[in-house]
2 protein chains.
Amino acid sequence: MATIKDIARMANVSITTVSRVINKKTDGVSDETRERILKVMKDLNYQPNRIARGLVTKRTNTLGLILPDIANPFFPEIARGVEDTANIYGYNVILCNTDDRPDKEELYINVLREKCVDGVIFTSGINPVSEHIKQLMDCKMPFVLLDRYMDIDCLPGVYSDGYDGMYQVTRYLLEMGHRNIAFIAGPVHSTTAKHRYDGFKAAVGECGFSVDDALVEEGNYKISGGKEAMTRLIGKGKSFTAVVCANDLMAVGAMEVLRENGYRIPEDISITGFDDIQLSGLIEPKLTTVAQPCYEMGAMATRMLIKLIEGQAMDEREIKLKPKLVIRNSVKRVD
Amino acid sequence: MATIKDIARMANVSITTVSRVINKKTDGVSDETRERILKVMKDLNYQPNRIARGLVTKRTNTLGLILPDIANPFFPEIARGVEDTANIYGYNVILCNTDDRPDKEELYINVLREKCVDGVIFTSGINPVSEHIKQLMDCKMPFVLLDRYMDIDCLPGVYSDGYDGMYQVTRYLLEMGHRNIAFIAGPVHSTTAKHRYDGFKAAVGECGFSVDDALVEEGNYKISGGKEAMTRLIGKGKSFTAVVCANDLMAVGAMEVLRENGYRIPEDISITGFDDIQLSGLIEPKLTTVAQPCYEMGAMATRMLIKLIEGQAMDEREIKLKPKLVIRNSVKRVD
DNA sequence: TTGTAAGCGTTATCAG
DNA sequence: CTGATAACGCTTACAA
């Protein structure tokens, strides 16, 4: 491949001058010389080597996106929002799947550091991840937290308000007359799971009822977890008219088990989800859920990260988006 | 951040010696010196700068993954297969969404070149993309084609046999007694769409029937395309008992329109898809479709690419995987 | 076993 | 408007 030296030689100028035109420095080069250099560059199909440039500028124009699993339908939209936005500002994105495993998180943080990415967007399901966050802070790597809230102060991040979303959907269920409501929670160690559960409890409590602990089961935010939790719930033999699930995927799993056990949805049992992944509007009955603006979250986090990297002023370090109740057909009024 | 120089100075050795231990050269360093260097590296939390290394070794240990849209449910599994495999061999993956736009494909190919990725996995919906492939070949960038077949000879690639898959599912429909079968095709310019359509025609023809052109509509491989195509199909007023869709997403869209128009599936109309995305096993009725081993395709393509990069021998340059018919509940026998 | 020095392809500083 | 030259952090002959 041609290098800046080749161009310089062939255009009869110094590499400095070539560098000037590569970097579109408006002044310092005569139009004539510029044209000549541009032509040589074109003829040789020259591409400046960003690795070499990065070595001196300390910028790679590359971001790291650390998330649990791109195959989980919650994340592709986010990733798309991140990549699109990064692209607009001239950055690329390295994708990292951690499966929520601390060892993989650490591994990726290390190689992203070694590769000198300019910043990292971090979505972790585990808490405390303070170790890894500290790692990032120690090496002064700009980063933005996404979706999964950390119990540390003032870290830049974009979240959606799980408490509020769950409060809304639970209120809705209550207004529809439901009193015996089961809850399929997310993993105990996940902060989002905690926020959502708190929102559920708050709504129930506010209406003068209390949560029946026997009707609360933990899941893993996946379809399998929803199935297992629902199986346990049914096994207990306690009656309930509705199930609130901490995310859509578990709701889908729960629905399947419910149906296998002869329950009709929503005639016999109402169900709600959380996230509003694409799937939820496609299954039958269409799932009533809480929408998180995934694409927008990815985009906002990226914009925030780039501001951080480029040292621009930020309006706010912590953006909390209000999720929206999406009413479809999985909830029936009871009297 | 600490550099190799800092380590050398603090350990009282030359940078060459430090480099030796970084690169785990077994001989050439006494155990004692090695220990000393290792300790200093640990104390300073040293991470070798891969940018600098890449500049001299001409290797970045980074791959580019170019695909139309990670938010399309067909791709996350592939991406996961790619990333996992890359990770195993010590590579990272830069994600690029092109929306099948030639300008974005070109843009990404250029920046991936500038960033000196070691190789590229390319999934393009457009044909001919020969221009971009040529670009890749011109700069001697190792690449592997994934899923979308190119009409160029001998390019390394991993495909699934769309012809065969569509042939299988169409035969199945024929055996179930269907004679008036509509077809919702993929975009005309897509080679996979062509292969699938050919498989459909072959199966129909082989049974002594012919394809009614009026029952063939083109879609865009998305839900919206399935809806539109089905709307047009219904508008024509010609009768059919089954619809074969070139992918699952369009089948989902078609099902929705069918239902809106009062048709029951599969009682009134049978329908089939292609891809077997997760969604297909979750909707009601569960969709009969053709499974492509997405994760495995991503993994194989990556292994192939890495062999190419590392100059290892390859068993075959072109891997064609047989897709598998997945029979579920969206097809009814007619007599 | 260890070190010196050249070089990877750029940008940046300074001088002309 | 243009060019020498030193850096950037590392690997790699080649020498000692």
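Below, chains carry the letters A, B, ... as their sequence lines are ordered, and counting in each starts from 1.
Judged as a side chain to side chain donor-acceptor pair (under 3.5 Å), the pairs with a partner in residues 302-311 of chain A (not counting sequence neighbours) are, in order, Tyr91(A)-Glu310(A), Glu310(A)-Gln312(A). For the salt bridge (charged side-chain N to carboxylate O under 4.0 Å, His left out) condition, the pairs that include at least one residue of residues 49-70 of chain B, sequence neighbours left out, are Arg80(A)-Asp69(B), Glu114(A)-Arg50(B).
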Using nucleotides 14-16 of chain D, report all nitrogen or oxygen pairs with the protein that are shorter than 3.5 Å.
none

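The side-chain contact (heavy atoms from CB on, under 4.5 Å) test applied to Glu77(A) returns Cys294(A), Tyr295(A), Ala71(B), not counting sequence neighbours. For Asp138(B), there are no salt bridge (Lys or Arg N to Asp or Glu O under 4.0 Å) partners at least two apart in sequence or on another chain. Contacts of Glu35(A) classified as salt bridge (Lys or Arg N to Asp or Glu O under 4.0 Å), with partners at least two apart in sequence or in another chain: none. With sequence neighbours excluded, the residues that form a salt bridge (Lys or Arg N to Asp or Glu O under 4.0 Å) with Arg34(B) are Asp31(B). Applying the salt bridge (Lys or Arg N to Asp or Glu O under 4.0 Å) test to Asp118(A) and every residue at least two apart in sequence or in another chain returns nothing. The side-chain hydrogen bond (donor to acceptor under 3.5 Å, both in side chains) check on Asp315(B) picks up nothing, with sequence neighbours excluded.
Within residues 35-44 of chain B, no residue has any heavy atom closer than 4.0 Å to DNA chain D. For DNA chain D, the residues of residues 56-63 of chain A within the heavy-atom distance limit of 4.0 Å (strictly under) are Val56(A), Lys58(A), sorted by number.
Terminal axes of the helix from dT1(C)-dA16(D) to dG16(C)-dC1(D) (five pairs each, C1' rotation axis) are separated by 40°, to the nearest 10°.
Nucleic acid contact class of Ser30(A) (heavy atoms, under 4.0 Å, all strands): sugar-phosphate only.
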